[in-house]
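Everything below concerns the one structure shown next.
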2 protein chains.
Amino acid sequence: MDKVQKTFRIKLGRRIEQLREDRHIEQGALAAMIGKDKQFINRYERQGANPTAFILVQIAEALNVTANDLLDFSKLKTSKD
Amino acid sequence: MDKVQKTFRIKLGRRIEQLREDRHIEQGALAAMIGKDKQFINRYERQGANPTAFILVQIAEALNVTANDLLDFSKLKTSKD
DNA sequence: TTTGAAGTAAACAAATTTGTTGACCAACTT
DNA sequence: AAGTTGGTCAACAAATTTGTTTACTTCAAA
């Protein structure tokens, strides 16, 4: 896996975490919205997993944002670019 | 795989094809833009494959559209919803 | 007719995601 | 102290994507 992709994964995880915390919901609650468990979400937030497009859209919908918003890494607070 | 996901995959494929044809580029040319071959793109367009988020973004960038645009199935001409 | 380009599909190994379980830690509560 | 909650991580099988190759078809051009 190249560096570009690794950075992408880390940032996507941070973005999911950020949006989730903005909404004051727990990993388990977000997971439940898409029929998964907390470990499933934790893998994206902390373990650099790369979801399929379908899961990405499901997460975005659960967070009430568009895919673009979820993928807009410029919105990361700790945006160590 | 449930029906919702199957529909998603088919529509994503149609959307990729549509945007690609709008730009008058071939499968092989689009593929080359992201360092892949024509069969790789054909799998999304015709064989219902579900790309990872990273590949989805790469395809969107190659097509010069946002992820939202690529995922906006309401823009499908043949939108047998 | 032959050649090449573009699209399509199957097959295969390798890598990764998905789905699930078990376990651990820190913080807070009872 | 014991129990609960939220977060984290490792491990495993199963399913899927990724990467690559081979091959077939159609169409158009030479």
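Residue numbers begin at 1 in each chain, while the letters A, B, ... track the order of the sequences. Just so we're clear, the structure is a prediction, and the values are computed from it rather than from any experiment.
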### Query
Do you know the tightest heavy-atom contact between B/Leu63 and B/Ile16?
CD1-O, 4.3 Å

### Query
Contacts to DNA chain C from residues 64-72 of chain B, heavy-atom cutoff under 4.0 Å, which residues?
none

### Message
By the ring pair (Phe, Tyr, Trp, His ring centres under 6.0 Å) test, which pairs, at least two apart or in different chains, include something from residues 13-40 of chain B?
### Response
B/Phe40-B/Tyr44

### Message
Just to verify, what does A/Asp72 make a side chain to side chain contact (heavy atoms under 4.5 Å, CB included) with, not counting sequence neighbours?
### Response
A/Ser74, A/Lys75

### Query
Roughly how far, to the nearest 0.5 Å, is the CG atom of B/Leu70 from the NZ atom of B/Lys11?
14.0 Å

### Message
Once side-chain hydrogen bond (donor to acceptor under 3.5 Å, both in side chains) is applied, do any residues pair with A/Glu26, and if so which ones, sequence neighbours excluded?
### Response
none

### Task
Kindly write out the residues that satisfy side-chain hydrogen bond (donor to acceptor under 3.5 Å, both in side chains) with A/Arg9, not counting sequence neighbours, or none if the list is empty.
A/Gln5

Find every protein N or O atom lying less than 3.5 Å from an N or O atom of nucleotides 20-26 of chain C, and list the pairs.
from: C/dG22; atom 1: O6; to: A/Gln39; atom 2: NE2; distance (Å): 2.6

### Minimum heavy-atom distance B/Gln27-B/Ile41, with the two atoms named
O-CG1, 3.9 Å

### Task
Please answer: with hydrophobic residues joined when any side-chain heavy atoms are less than 4.5 Å apart, are B/Val4 and B/Met1 in the same cluster?
no

### Query
Is there side-chain contact between A/Met33 and A/Ile59, with heavy atoms separated by less than 4.5 Å?
no

### Query
Linking I/L/V/M/F/W/Y whenever their side-chain heavy atoms sit closer than 4.5 Å, directly or via other members, would B/Ile10 and B/Leu71 fall into one cluster?
no

### Query
When rounded to the nearest 0.5 angstrom, what is the spacing between CG in B/Asp69 and CG in B/Leu19?
6.0 Å

#### Entry: Sidechain-backbone polar pair: A/Arg15 side chain, A/Leu76 backbone, donor-acceptor under 3.5 Å
no

#### Entry: Pairwise side-chain contact, A/Lys6 with A/Asp2, heavy-atom cut-off 4.5 Å (strictly under)
no

### Query
Can you list the residues that meet the ring pair (Phe, Tyr, Trp, His ring centres under 6.0 Å) rule with A/Phe54, with sequence neighbours excluded?
B/Phe8

### Query
Which pair of non-hydrogen atoms, one from B/Ala53 and one from A/Leu56, has the smallest distance, and what is that distance?
CB-CD1, 4.1 Å

### Task
Walking along DNA chain D from 5' to 3', note the first and the last nucleotide with an atom under 4.0 Å from a heavy atom of chain A, and give both.
D/dG6 to D/dA11

Every protein N/O lying under 3.5 Å from an N/O of nucleotides 3-5 of chain C:
none

### Task
Enter the inter-axis angle for the ends of the helix from C/dT1-D/dA30 to C/dT30-D/dA1 (five pairs per end, rounded to 10°).
20°

### Query
Of all of residues 44-58 of chain A, which get a heavy atom below 4.0 angstrom from DNA chain D, listed by number?
A/Arg46, A/Gln47

### Task
Can you see which heavy atom on B/Ala67 is nearest to which on A/Asn68, and at what distance?
N-OD1, 3.2 Å

### Within residues 37-62 of chain B or reaching into it, pairs that qualify as salt bridge (charged side-chain N to carboxylate O under 4.0 Å, His left out) - sequence neighbours excluded
B/Glu17-B/Arg46, B/Arg20-B/Glu45

